Visitor: 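Attaching a single structure in C-alpha cells format; questions to follow.
Count residues from 1 along the sequence. Just follow the structure's listing: the first ligand is 1, and inside any ligand the first atom is 1. Note that the structure is a prediction, hence the values are computed from the model and not measured.
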Amino acid sequence: MKIAELFYSLQGEGSLVGVPSIFIRTSGCNQRCAWCDTSYTSWNPEGAELTLDQILVQVKTHLARHAVVTGGEPMIAPDIIPLTERLRELGLHITVETAGIVFKLVGCDLMSISPKLSNSTSHGQWAA
Ligand code: SF4
C-alpha cells in the first residue's frame with residue numbers, strides 16, 4: 001500500500017492530544033477539499049509502495065503504544081483492514097482518522113471522523 005509518511009510524534013488533536021504516537025499516513029484520497037494541507041496524499045499522492053511487513057518493521061522501531069492511521073483517506077487504502085489487524089497484534093491502541101465517507105470494518109479503538117460537506121467533492125473534481 002502507498003504510504004506518504006510514517007513518523008513518531010505527539011497527537012496534536014482530539015481526546016488523545018499529547019499522547020506519543022506512531023503516525024502512518026496513507027497516500028490517496030477520494031475528496032478534494034479546498035483547504036487540504038496534505039496535497040501529497042490527495043490530489044498529488046506521493047509516497048512509497050510498502051508491504052505490510054515493511055510497514056510493521058518501521059512501526060516496531062518506535063516505542064509508542066499508540067498508532068494513528070491517517071491520510072489522505074485511509075479507508076480507501078487497499079490493505080487498511082489487514083494493516084489495522086497487524087497493528088492490533090502488536091498491542092497498540094489504534095486511532096483511524098477518516099472523513100467518514102467510506103466505511104470498512106477496521107480494527108481500531110478510536111475512529112476520529114471529520115465529516116466533509118458539499119464544499120468537498122468526490123471523484124477528483126474540485127468544488128465549484
Ligand atoms: S479529506 Fe482530508 S486529505 Fe482528503 S482532500 Fe480533504 S482535507 Fe485533504
Visitor: Are side-chain heavy atoms of Phe7 and His62 found at a separation under 4.5 Å?
Guide: no
Visitor: Closest heavy-atom contact between Cys36 and Trp43?
Guide: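 Heavy atoms only, the tightest pair is CB-CZ3, 3.5 Å.
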Visitor: Spell out the protein N/O/S atoms under 2.8 Å from atom 6 (Fe) of ligand 1 as residue plus atom name.
Guide: Cys33 SG
Visitor: Is the side chain of Ser42 donor-acceptor paired with the backbone N or O of Arg32 at a distance under 3.5 Å, no angle test?
Guide: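 Pair absent, no side-chain N/O of Ser42 close to backbone of Arg32.
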Visitor: Could you list the atoms of ligand 1 found under 4.0 angstrom from a heavy atom of Thr38?
Guide: 3 (S)
Visitor: If I take atom CD1 from residue Ile94 and atom CZ from residue Arg86, how far apart are they, to the nearest 0.5 angstrom?
Guide: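 Those atoms lie 12.0 Å apart.
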Visitor: Are Leu87 and Leu6 connected, step by step, through hydrophobic side chains (Ile, Leu, Val, Met, Phe, Trp, Tyr) whose heavy atoms are closer than 4.5 Å?
Guide: yes
Visitor: Looking at every non-hydrogen atom in both residues, tell me the closest pair between Gly72 and Cys29 and how far apart they are.
Guide: CA-CB, 4.0 Å
